[in-house]
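Working notes, structure below.
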Amino acid sequence: MSLPDHPKTAARPAGLSVRFHWIRRFREGWAIFRENLIGRIGLMLLGLFGLMALCSFIPPLIDPMYHPMTGVDPAISHSTGPSLKHWLGTDFIGRDIFSQLLAGARIAFMVGLSSALISILLGTTIGMIAGYAGRIADTLLMRLADMIMVMPTLLVVLILASLFGQLSIWTIVLLIALFRWPGVSRVIRAQTLTLKQRPFIEAARVAGASHTRIIFRHIMPNVLPLSLLYMTFRVTSAIIIEAALAFLGFGDPGTVSWGMMLQWVWKTGHMFQAPYWLLPPGICISLLTLSFFMLGRSMDEVLDPRLRKEDTNR
Amino acid sequence: MELNKYILRRLIEITVIFFVILTVLFLLFRLAPGDPVSRMVDPSMTAEDARRLIEQLGLDQPLGTQYIIYLKSFFSGDLGISFHYGVPVLDIIGERLPNTILLFTTSVILAALTGIFFGKIASWHKGKKIDSWLTIGALICHTLFLPWLALIIIWFFGYRIGWFPLNGILSPEIWTDPANGFFIRMLDVLHHMALPLMTLFIIHFGSYLLVMRSSMLETLKEDYIITARAKGLEEKVIRNHHAAPNAALPVVTSVALSLAFSINGGALTETVFSWPGIGRELVFAVSNNDYPLALASFLLIAIVVLLANLLVDILYAWLDPRIRY
Amino acid sequence: MSIDSAIPRPLWGVMSRLLTYGLVICLLLTGGPACSRGKQAAALKIGLAEEPRTLNVWLASDANSQKILRQIYQPLYRPEPATLKLVPWLAESEPVFDPETVSYTVKIRPAKWSDGSDLTSADVAFTARLIKEFKIPRFSAKWSFVTRIETPGPRTVRYYLKAPTAVFLSRTLIGPVVQKKEWESVARAARQLEKPLAALLNHKIASPVSSGPFMLTQWRRGAYLHLQQNPHFFGRNLTIGGLQLGPHVENLLFKIYGTSDVAILALKKGAIDMFWQGIQPGYLDDLAKDPGVRTISSAKSALYFMGFNMRRSPFNDLALRQAAAALIDRDFILTRVLQGHGQKMFSVVPDENIFWSCPDVDRYFEGLPREDRIRRAYDILTRSGYSWEVPPVDASGQVQTASGLRLPNGAQMPRFTILTPPADYDPHRAISGLIIQEWLRELGMPAYARPMSFGALLQQVKERHDFDTFILGYGKLPIDPDYIRSMFYSKFDRPRGWNMSGYRNPEFDRLANASRKVIDPNQRRELIWDMQLLISRELPYLPIYKPALIEAIREDRFHGWVPMQDGIGNIWSFCRLRPTTLEK
Amino acid sequence: MTLLDVKNLSISYQTRGGPLQAVEDISFALDKGKTLGFVGESGCGKSTIGLALMGLLPPNTTVTSGSVRFNGSDLLSLSEEKLRQVRWQKIAMIFQAAMNALNPVHRVSDQVAEAILAHTPGISKTDALAQVRELFDLVEIPIKRMNDYPHQYSGGMKQRAVIAMALACRPDLIIADEPTTALDVIVQAQILDEIKSIQKELNLGILFISHDISVVADVCDHIGVMYAGQLVEYGHRREVFESPGHPYTQELVGSHQALLGAQCQPQSAPSAAPNLLSPPPGCRYCDRCKEGGDTCRTEAPQWIELSDNHRIFCCHRDPEE
């Protein structure tokens with residue numbers, strides 16, 4: 001699960017154009033992306049899950065018994081297999097597994113995207129500051145990054161969850177983000193270092209631009225695509241960590257996440273006898289992370305000019 | 001001698017980082033709500049009993065004193081006595097560590113070797129069917145949800161077809177029978193190792209394959225590959241002799257850099273398979289409020305990761321002459 | 001930096017060699033199953049959920065250590081399975097009480113330790129003195145009223161008490177007896193140290209000297225424990241409590257399974273004969289399909305309850321507690337959460353404890369449907385001056401979603417939490433908390449169920465007293481009901497005390513003190529019943545349910561399990577199990 | 001005797017935007033023991049020619065037309081296996097950026113021996129290494145450094161090793177692609193001298209590719225100047241260097257001389273080369289040309305013979321002028 005941290009981007013020369021033509025770049029990227037099989041599959045899967053997340057609001061409207069957390073089928077008091085009324089069956093107190101699965105998609109997106117966003121914001125800002133400021137700030141920030149990087153995130157969050165009682169889903173999101181920024185900041189720092197040498201930064205400095213202005217106006221637009229790329233990888237790791245945490249019983253009990261569903265199957269002893277309950281959440285976790293990962297890999301190819309080298313100039 | 005200086009600098013850094021982690025964790029454990037005594041839900045345990053136990057465990061001292069006492073004994077090689085097991089922490093770690101090393105290193109090495117092998121094949125056939133299948137397969141392996149996978153593996157291989165033991169590290173039936181010699185006993189351990197090994201292998205294999213594949217694709221664009229081709233060497237020789245050794249280096253780095261992440265998976269696997277290793281012990285110790293054991297296990301993991309990172313940097317410098325410090 | 005040796009090629013050599021080894025290992029692994037069939041058939045294989053903590057009996061506060069140690073260290077008296085009445089075990093007969101000197105005299109059976117030495121009154125007295133001297137937690141409180149211990153003869157022990165105490169027999173004399181020889185030197189060494197108690201608790205016992213049916217042969221940490229028949233077991237062929245004892249099983253093998261699922265698979269596969277751990281009802285359907293597996297449901301001496309913080313508003317108001325009690329539908333929790341495997345509880349003493357449990361406690365609208373419960377709760381609160389912005393029952397008497405509950409003083413009812421253990425620790429309590437939250441919200445109470453880690457939960461409830469309500473449970477209550485006193489006696493309302501609700505009632509204190517001193521069981525029962533009625537009226541705790549203990553065993557290799565409260569894993573079973581002789 | 005005869009060679013890349021003409025309609029010939037130099041800025045297609053001759057074009061690249069005859073046989077129609085045997089045996093290559101042309105994880109001697117082993121059936125490794133020793137002697141690398149790894153060599157030594165490697169199988173033709181670019185001036189001169197002397201000794205044909213016209217002029221018998229995939233001037237060294245006919249050659253020579261005269265800048269900063277995806281119909285150099293008229297943009301340029309040994313590809317200059 002390490003891969004996201006070290007795509008070849010780490011060693012990439014600053015091949016990004018000085019002036020950023022967003023639209024043109026986007027069009028170009030999209031053209032390449034469209035021909036990428038893995039990217040297409042990823043995007044398709046992602047669309048599917050997105051649809052699931054959007055639809056998660058519907059079942060409770062149909063009948064309160066489809067409420068993923070509190071709704072129970074009055075006629076059913078134990079786990080039953082798929083039926084017309086419950087497409088994927090019910091769990092041990094008669095809640096509908098399909099509506100739980102839909103709600104799980106929403107939670108997964110929420111956890112994945114928000115924690116990735118926070119870690120990317122942190123990582124990008126810290127990376128830019130470290131790279132731009134240099135000297136002591138750089139050393140301190142990068143040592144801090146080193147320190148956090150050697151911590152196994154899941155175990156650390158598990159320790160915290162266990163020590164401070166149950167964590168709410170937002171605390172978990174925040175914790176994951178806090179432990180997942182160093183990889184990003186390292187790459188962004190390297191990128192900033194090369195950008196710093198470029199003439200247009202020099203020009204801006206001579207023209208009297210403030211440091212904040214240089215960082216946010218001139219450096220940030222150039223490192224942003226890289227950050228976005230890393231975000232897709234962070235999404236996958238955040239989803240996996242949240243699921244593992246919930247599975248081990250340290251998740252937020254007030255949310256219906258896929259990991260939580262697996263924990264319910266596991267802890268109530270239905271693991272090996274209710275495949276209709278065990279398989280869907282596990283497959284969903286794997287497929288959603290897979291789709292983000294595929295998206296990231298194909299974006300990597302879009303963003304990395306070196307991988308396109310072979311068909312334009314030699 | 002630049003390298004020596006570099007190693008020295010890194011060692012100092014590692015020491016500092018290590019003690020920062022130690023301090024943070026120490027504080028975290030002591031400041032967190034709950035203590036080992038409050039967990040005992042037993043009406044026989046009176047408030048006086050609880051107070052006396054707290055005092056005997058040294059938890060009544062001020063935080064600073066506790067910290068200094070811990071540091072003192074730490075430097076004299078004593079990591080304290082486990083609150084839960086009542087035996088020295090080092091004894092427990094000494095018992096559990098070999099198991100973890102056995103399982104973890106075997107899985108990482110096997111996964112790296114196969115990952116490198118198939119990554120090589122995938123990159124060599126870039127854009128062909130075999131590449132697509134290998135890449136998609138690796139992506140799926142890489143993103144499988146580990147505990148889920150582990151349980152399904154247990155069910156299928158341990159129960160459904162029943163080739164392997166369900167969990168644990170050995171069969172008591174074999175080990176309690178004095179007739180069984182060392183070889184049979186080792187075989188028994190390996191037999192038990194099969195399923196956790198398979199789980200960790202599947203999870204790691206995918207990522208190593210992907211790293212190898214992209215690293216190999218980069219390498220294939222290097223000038224010395226064109227040289228090799230121009231020399232009229234056979235394709236197989238170019239692939240195995242010229243490209244692969246260079247491309248494998250990033251895989252080695254990724255093994256070390258991803259160690260922290262792999263350890264997560266290791267702990268999950270140990271927990272699900274009841275493999276008596278450090279990761280499982282850490283999870284237990286944490287939920288039992290066994291601070292000395294949890295702290296020591298975590299520090300052990302941290303120092304291993306730190307040193308592994310250093311080792312790989314050195315190894316990398318040694319293997320790839322283009323890198324200098 | 002100079003590099004002058006060849007690395008890459010050797011590196012590849014190593015790698016390819018490793019690959020070869022790997023393949024060889026794989027080949028060996030597939031050949032493995034052939035040798036996994038052991039030769040010893042006489043071992044009873046038991047799955048444990050977790051590794052025992054220790055074999056030091058004074059440290060062993062966890063269930064799994066006790067499961068092992070109960071085979072090793074024996075008490076003077078223990079309850080017999082059918083009636084739960086105490087019968088002499090190591091003791092030869094009932095204790096003789098002398099009212100003059102306030103002393104009990106106990107005669108011991110002729111018995112030997114597993115090392116062949118005699119078990120004498122010296123061992124029994126030593127154990128008691130050790131507990132008293134070191135003030136060993138969990139034990140010392142039971143001995144606090146014993147002033148002096150004498151050994152008039154090698155098989156006679158006499159205990160002098162401060163005052164007649166009801167719990168002396170039922171609580172004090174059921175503790176384990178350890179060997180003097182084994183512990184004397186340990187105690188001596190511990191006394192020299194700065195922290196004698198810690199030294200005693202942390203003393204590592206490699207192989208405890210046993211007086212029970214089994215003794216430890218080997219403990220391979222992380223893997224298994226191996227126990228063998230104790231050739232010197234005093235009970236061999238004796239008949240105690242109407243049951244003739246063995247043991248007939250040569251070996252006990254305890255294996256550790258981290259998760260129930262795997263242990264159940266092992267059971268189905270025949271790798272273990274018993275999983276010594278309660279299992280979730282979810283397994284039952286599946287296990288029923290397996291002819292070799294039998295599941296046994298036993299009553300538990302347990303109490304799962306909702307506790308209220310009576311030290312502060314709003315739950316210091318009886319009406320609010322009663323309303324909550326009216327809203328909680330025990331039937332729902334029993335059928336849904338427990339899947340029908342358990343009992344509803346109305347008194348803090350379980351029904352199975354027939355002698356002590358009071359049948360007349362308030363049952364709080366048992367069997368009433370949801371809407372009626374809301375009406376009753378609405379009535380209770382309206383009468384006490386509570387008001388709503390939107391009341392739960394509208395003018396036409398229809399139940400509707402309530403909101404804006406106001407306390408009698410007119411203030412908005414603040415948010416409050418229902419603390420529960422986390423779902424991985426106990427899914428029942430976590431889910432019950434969630435369901436109760438929904439029920440309370442129907443009445444407009446801003447309830448929030450909050451599962452939190454066990455340690456943190458206990459600290460908040462027991463030490464800091466910073467909570468509104470909680471759901472906790474005692475999984476293993478003693479048979480003697482003296483625990484009611486520790487739960488509600490005003491003296492125990494202090495940090496780390498067991499009076500978690502902060503219940504203070506002089507009337508209760510009086511009853512509790514009196515109940516300790518009455519020796520006659522029937523008289524004492526009157527007092528105990530009064531105490532239960534008081535609790536049921538004032539509701540510091542609202543008893544909710546107790547789960548049944550479901551255990552799964554295989555009967556194809558061993559038979560003769562003895563059913564008993566708290567499960568078949570009792571010493572009687574282990575003394576009576578016999579290998580099923582195969583017909584062929 | 002003609003060693004290499006290339007006629008109307010065109011090579012194109014497949015790109016997302018359509019085929020890209022990297023090399024267009026190029027013809028030249030090389031005699032045994034002679035040297036032909038190609039000069040041009042990076043991306044003009046000169047390296048592509050080298051790769052095409054070796055049969056090492058990347059997969060997305062095809063020879064669209066033309067013929068390559070080497071010692072009388074058609075190289076383009078050879079099978080992959082045949083081609084593999086011709087490589088290094090008959091045509092060897094000295095790569096640009098020798099730094100990266102050696103595999104960092106193998107000993108230098110092994111890398112040279114490898115070429116010998118691959119093309120001499122039945123030769124033992126010891127014999128191959130003995131040959132390597134001779135080669136190293138020839139290129140003046142101390143024998144005791146033979147078993148070093150590439151990173152232990154200096155830049156000049158690496159370049160020598162690459163030359164030794166090229167000579168390993170005694171080829172008839174060596175394609176030298178920027179062999180001295182990364183080296184400092186003194187080493188560069190040494191290497192060039194060495195190449196010249198070895199060429200004399202072994203009677204090699206050399207195709208010399210460089211962006212530096214002075215180097216080419218120093219080494220070669222004939223010079224071809226390339227611009228944007230086309231050959232724009234071809235002729236004898238002296239004539240091309242001393243009286244360049246094409247404006248682009250003039251620019252190249254001019255900037256070179258200006259550099260020699262120091263202190264002044266190149267005459268013109270080269271602007272971007274034309275887009276080769278859709279090349280303009282007229283002369284490709286016209287945007288940068290100082291002499292071009294309007295007709296240059298629309299009319300295709302023609303080959304103009306300046307002398308027997310000198311021709312240019314231009315549209316506005318009359319031969320009489």
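Each chain gets a letter, A, B and so on, in the order its sequence line appears, and its residues count up from 1.
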Segment of B:Trp275 engaging chain C (4.5 angstrom heavy-atom cut-off) = neither
ask   = Can you say whether C:Ala263 sits under 4.5 Å from chain B via the side chain, the backbone, both, or neither, judging by heavy atoms?
value = neither
query = Most heavy-atom pairs under 4.5 angstrom with chain B, which of C:Arg221, C:Lys142, C:Lys204?
reply = C:Arg221
ask   = OG1 of B:Thr176 to CD of C:Gln228: how many Å apart, nearest 0.5 Å?
value = 9.5 Å
key: Region of B:Phe117 in contact with chain C, defined by heavy-atom distances below 4.5 Å   = neither
task = Could you look at C:Glu50 and say if it's the side chain, the backbone, both or neither that has a heavy atom under 4.5 Å from chain B?
result = side chain
Heavy-atom pair of closest approach, residues C:Pro495 and B:Ala47 = O-CB, 4.0 Å
ask   = Is B:Arg160 atom CZ crowded by more than 12 heavy atoms from other residues, nucleotides or ligands, each under 6.0 Å away?
value = no
request  = Start with the C-alpha gap between C:Arg138 and B:Glu48, add the side-chain angles, then the distance that decides, and say whether salt bridge (charged side-chain N to carboxylate O under 4.0 Å, His left out) holds.
outcome  = CA-CA 10 Å; C:Arg138 294 184 300 125; B:Glu48 288 75 28; over 6 Å; no
task = Please report the shortest heavy-atom distance between C:Leu59 and B:Gly86, naming the atom on each side.
result = CD2-CA, 3.7 Å
request  = Considering only NZ, NE, NH1 and NH2 on the basic side and carboxylate oxygens on the acidic side, decide whether B:Arg96 and C:Glu51 come within less than 4.0 Å.
outcome  = yes
task = Please check if the side chain of C:Lys269 supplies one atom and the backbone of B:Pro165 the other of a donor-acceptor pair under 3.5 Å.
result = no
key: Interchain contact, B:Phe157 with chain C, by part (heavy-atom threshold 4.5 Å)   = neither
request  = Given side chain to side chain contact (heavy atoms under 4.5 Å, CB included), test C:Thr54 with B:Tyr85 step by step and report yes or no.
outcome  = CA-CA 6 Å; C:Thr54 175; B:Tyr85 295 108; 5.9 Å; no
Point-to-point distance, once rounded to the nearest 0.5 Å, from CG of B:Leu53 to NZ of C:Lys135 = 13.5 Å
request  = Against chain C, work out which of B:Val272, B:Ile81, B:Asn99 has the most heavy-atom pairs shorter than 4.5 Å and name it.
outcome  = B:Ile81
request  = Could you go through the side chain to side chain contact (heavy atoms under 4.5 Å, CB included) check for C:Lys255 and B:Glu173 one step at a time?
outcome  = CA-CA 10 Å; C:Lys255 302 190 198 182; B:Glu173 292 86 350; 3.1 Å; yes
task = Quick one: closest heavy-atom pair of B:Phe83 and C:Arg53, and the distance?
result = O-NH2, 3.0 Å
note = The interface call for B:Ile54 against chain C, heavy-atom contacts under 4.5 Å, is side chain
inquiry  = Working note: B:Ser274 + C:Val262, criterion side chain to side chain contact (heavy atoms under 4.5 Å, CB included); need CA distance, chi angles, decisive distance, verdict.
reply    = CA-CA 9 Å; B:Ser274 304; C:Val262 177; over 6 Å; no
ask   = Sequence neighbours excluded, which residues qualify as ring pair (Phe, Tyr, Trp, His ring centres under 6.0 Å) partners of C:Phe139?
value = C:Trp58
message = Quick check: closest heavy atoms across B:Trp155 and C:Leu265, and the distance to 0.1 Å?
response = CA-CD1, 4.2 Å
inquiry  = Quick one, B:Asp49 with C:Arg496, criterion side chain to side chain contact (heavy atoms under 4.5 Å, CB included). Give me CA distance, side-chain angles, the key distance, then yes/no.
reply    = CA-CA 9 Å; B:Asp49 285 347; C:Arg496 290 189 193 273; over 6 Å; no
request  = To the nearest 0.5 Å, tell me how far C:Phe492 CZ sits from B:Thr46 OG1.
outcome  = 8.0 Å
Within-4.5 Å side-chain heavy-atom neighbours: C:Leu197 and B:Arg52 = yes
query = Just how far is it from atom CD1 of B:Ile169 to atom CZ of C:Arg220, taken to the nearest 0.5 Å?
reply = 9.5 Å
task = Mind checking ring pair (Phe, Tyr, Trp, His ring centres under 6.0 Å) for C:Tyr257 and listing every partner two or more places apart, or none if nothing turns up?
result = none
message = Determine whether a donor-acceptor pair (N or O, by modelled atom type, separation under 3.5 Å) exists between the side chain of C:Asn202 and the backbone of B:Val87.
response = no
request  = For C:Lys195 and B:Glu55, run salt bridge (charged side-chain N to carboxylate O under 4.0 Å, His left out): C-alpha distance rounded to whole Å, both residues' side-chain angles, the deciding distance at 0.1 Å, then the answer.
outcome  = CA-CA 9 Å; C:Lys195 288 177 175 170; B:Glu55 189 188 86; over 6 Å; no
